[in-house]
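First listed ligand is number 1; within each ligand, the first listed atom is number 1.
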Amino acid sequence: MSVSIKSQREIELMKEAGVILATVLDELEKIIEPGITTKHIDQIGEEIIRSYDCIPSFLNYNGYPASICISVNDEVVHGIPTRKRVLHEGDIVSLDAGVIHKKYHSDAARTFAVGNISKEAQQLIDVTRQSFFEGIKFAKEGCHLYEISNAIATYVESFGYGVVRDLVGHGIGTSLHEDPQIPNFTQNRRGIKLLSGMTFAIEPMINAGHFSVKWLDDDWTVVTTDGSLSAHYENTVLITKDGPEILSLR
Ligand code: MF3
Ligand code: CO
């Protein structure tokens, strides 16, 4: 395993990639409403990404057929947008997107409410987001990688939710997926020491029920085995001496 340390120039480009991606997700949030199809969201997302002269990094990645992963309700991640899938009031929808800007990647995800949603669904969204912030308290030079994982898991499990184990966060830079892998569930060792200039995509995927997931026959869509709701929150983060810098938030 080798974890790359980015130079100042690389960090500048990753910051630019991050701000562009934050803008894409902020714009997509505005169009989420009952009646829109997941295909339409994907099309608008791709247009916005290309309007910044960026490449949608997920498109054709290992054959993935869209620019935005759109996962509804019990879909955890990697849902494929289609013209048939219409969002309904009360749904929750996770949008995961990545851009390549001047060869540098950013990767981020958020779960949004479609119209009015249940208190239970809103709590799942809020806890998933907060678990990211609990984790990045340790995204700092001198901390160890799995302190991030353990902080996420401890927080999430205190609500009785399941932390997905089959998918993990990752290093990011000139590739979408670099070393190290970043699990969101408890590890019984401390992992590598963090150094400033490392860049990570930290991405808790949290189920309202059991942590187990399965793949649908499209070989992409991951769903909860028990049919419970699932939420996702991800940002591209830079490790510094003073703590985390979140690159994909405005
Ligand atoms: N954010 C996800 C990840 O980090 C999405 C990539 S899957 C893709 O793995 F195939 F759609 F690109
Ligand atoms: Co990712």
Checklist line | From CA spacing to verdict: side-chain contact (heavy atoms from CB on, under 4.5 Å), V164, F211 | finding: CA-CA 5 Å; V164 173; F211 65 75; 5.6 Å; no
Identify the protein atoms, limited to N or O, that lie within less than 3.5 Å of an N or O atom of ligand 1, and list each pair with its distance to 0.1 Å.
residue: ligand 1; atom: 1 (N); partner: D96; partner atom: OD1; Å: 3.1
residue: ligand 1; atom: 1 (N); partner: D96; partner atom: OD2; Å: 2.6
residue: ligand 1; atom: 1 (N); partner: D107; partner atom: OD1; Å: 3.0
residue: ligand 1; atom: 1 (N); partner: D107; partner atom: OD2; Å: 3.2
residue: ligand 1; atom: 1 (N); partner: E234; partner atom: OE1; Å: 3.4
residue: ligand 1; atom: 4 (O); partner: D107; partner atom: OD2; Å: 2.9
residue: ligand 1; atom: 4 (O); partner: H170; partner atom: NE2; Å: 2.8
residue: ligand 1; atom: 4 (O); partner: H177; partner atom: NE2; Å: 3.1
residue: ligand 1; atom: 4 (O); partner: E203; partner atom: OE2; Å: 3.1
residue: ligand 1; atom: 9 (O); partner: H177; partner atom: NE2; Å: 2.7

Item checked: From OG1 (T240) to CG (L195), nearest 0.5 Å -> 12.0 Å
Margin query: Counting only heavy atoms from other residues, nucleotides and ligands, does the tally under 6.0 Å from CD of E16 exceed 12?
Written below: yes
Note to self: Are the side chains of I80 and R85 in contact, using a 4.5 Å heavy-atom criterion?
What the structure shows: no
Margin query: Working to the nearest 0.5 angstrom, can you tell me the gap between L229 CG and L124 CG?
Written below: 6.5 Å
Check: At distances under 2.8 Å, what protein N, O or S atoms surround the Co ion (ligand 2)?
Finding: D107 OD2, H170 NE2, E203 OE2, E234 OE2
Check: Does a salt bridge link E27 with K30, judged by any charged N lying under 4.0 Å from a carboxylate O?
Finding: yes
Next item on the list: Compute whether any side-chain donor of one residue and acceptor of the other, for T221 and E75, lie under 3.5 angstrom apart.
Entry: no
Next item on the list: Could you check if a side-chain atom of Y61 sits within less than 4.5 angstrom of a side-chain atom of L176, using non-hydrogen atoms only?
Entry: yes
Next item on the list: Answer yes or no: does atom CZ of R250 have more than 12 heavy-atom neighbours from other residues, nucleotides or ligands under 6.0 Å?
Entry: yes
